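Step one of this worksheet: look at the structure below.
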Amino acid sequence: SQKIEQNSEALNIQEGKTATLTCNYTNYSPAYLQWYRQDPGRGPVFLLLIRENEKEKRKERLKVTFDTTLKQSLFHITASQPADSATYLCAIGSSNTGKLIFGQGTTLQVKP
Amino acid sequence: DGGITQSPKYLFRKEGQNVTLSCEQNLNHDAMYWYRQDPGQGLRLIYYSQIVNDFQKGDIAEGYSVSREKKESFPLTVTSAQKNPTAFYLCASRTGEWTGELFFGEGSRLTVL
């Protein structure tokens, strides 16, 4: 069956370190992958898009990689700050439907 | 300001009652989506619509219904057939571009008493 898996346990790191979040998928052939940030009680906010033919994308302190052989995306936040504390969701989409399917999210806690 | 408006933010209903959640967007987006989120879980797709007067079932459509009579509006009805309706409901929209980002509303929290 199709599955998207993110780290189920919360990630706790010290301010200034790099946070790395994982998104694995099975039985999908995504054309692209997106990452979102969600704060408690709020709707998710889009962060980054990466297409299947792209290996890496960067935006300020954020970096995302996409390995279609490993069926995995990694999301990195460098020089993390307490304000980065939130839940991060990955979502995958295909080219022939409008569906966007989300993982369960990973909660990141950055301690000062 | 352009955006997505969901209402009500909080809703309580008794078992056996239908309830309709409103979702309006003024972003001129073609596609609209409804997701459900349970505590500690990700978003699960209920229904989506890529164009007016057309919509498709997502992964958990049973017990829900939608309509898309206007581009700006995509209301979701939670029927009495939905066995466990207490959840946080999120509406989103995006442009017709197939890799486009989703713009989410602030959500509606439904509690069945």
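Here the structure is a predicted model, which means the values were calculated and not measured. Every heavy atom of this structure was used, including side-chain atoms; hydrogens, water molecules and symmetry mates were not. Below, read A as the first sequence line, B as the second, and so on, with proteins coming before strands; counting in each chain starts at 1.
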For chain B, which of Leu89(A), Leu49(A), Leu100(A) has the most heavy-atom pairs under 4.5 Å? Leu100(A)

Is it the case that one hydrophobic cluster holds both Leu102(B) and Phe55(B), taking links as side-chain heavy atoms less than 4.5 Å apart, direct or via other members? no

Should Phe103(B) and Tyr89(B) be regarded as members of a common hydrophobic cluster, given that ILVMFWY residues are connected when their side-chain heavy atoms come within less than 4.5 Å of each other, either directly or indirectly? no

Side chain, backbone, both or neither of Arg44(B) within contact of chain A (heavy atoms, under 4.5 Å): neither

Chain B contacts: which residues in residues 34-48 of chain A have a non-hydrogen atom closer than 4.5 Å to it? Gln34(A), Tyr36(A), Gln38(A), Gly41(A), Arg42(A), Gly43(A), Pro44(A), Phe46(A)

Mind checking the CG-NZ spacing from Leu45(B) to Lys99(A)? Nearest 0.5 Å is all I need. 6.5 Å

Near Glu62(B) CD, under 6.0 Å, is it more than 12 heavy atoms from other residues, nucleotides or ligands? no

Atom CG of Leu70(A) with >12 non-hydrogen neighbours under 6.0 angstrom: yes

Non-hydrogen atoms of chain A under 4.5 Å away: do they reach the side chain of Leu90(B), the backbone, both or neither? side chain

For chain A, the option from Arg94(B), Arg109(B), Lys9(B), Gln6(B) that forms the most heavy-atom pairs under 4.5 Å: Arg94(B)

Which atoms of Tyr33(B) come close to chain A, meaning under 4.5 Å heavy atom to heavy atom: side chain ones, backbone ones, both, or neither? side chain

Identify the heavy atoms of Trp98(B) and Ser94(A) that sit nearest to each other, and give their distance. CE3-O, 4.1 Å

What are the two closest heavy atoms between Leu43(B) and Phe102(A), and how far apart are they? O-CB, 3.7 Å

If hydrophobic clusters are built by linking Ile, Leu, Val, Met, Phe, Trp and Tyr wherever their side-chain heavy atoms come under 4.5 Å apart, do Leu74(A) and Tyr25(A) end up in the same one? no

Applying a strict 4.5 Å limit to non-hydrogen atoms, the region of Gln50(B) in contact with chain A is side chain

Pairwise side-chain contact, Tyr35(B) with Ile101(A), heavy-atom cut-off 4.5 Å (strictly under): no

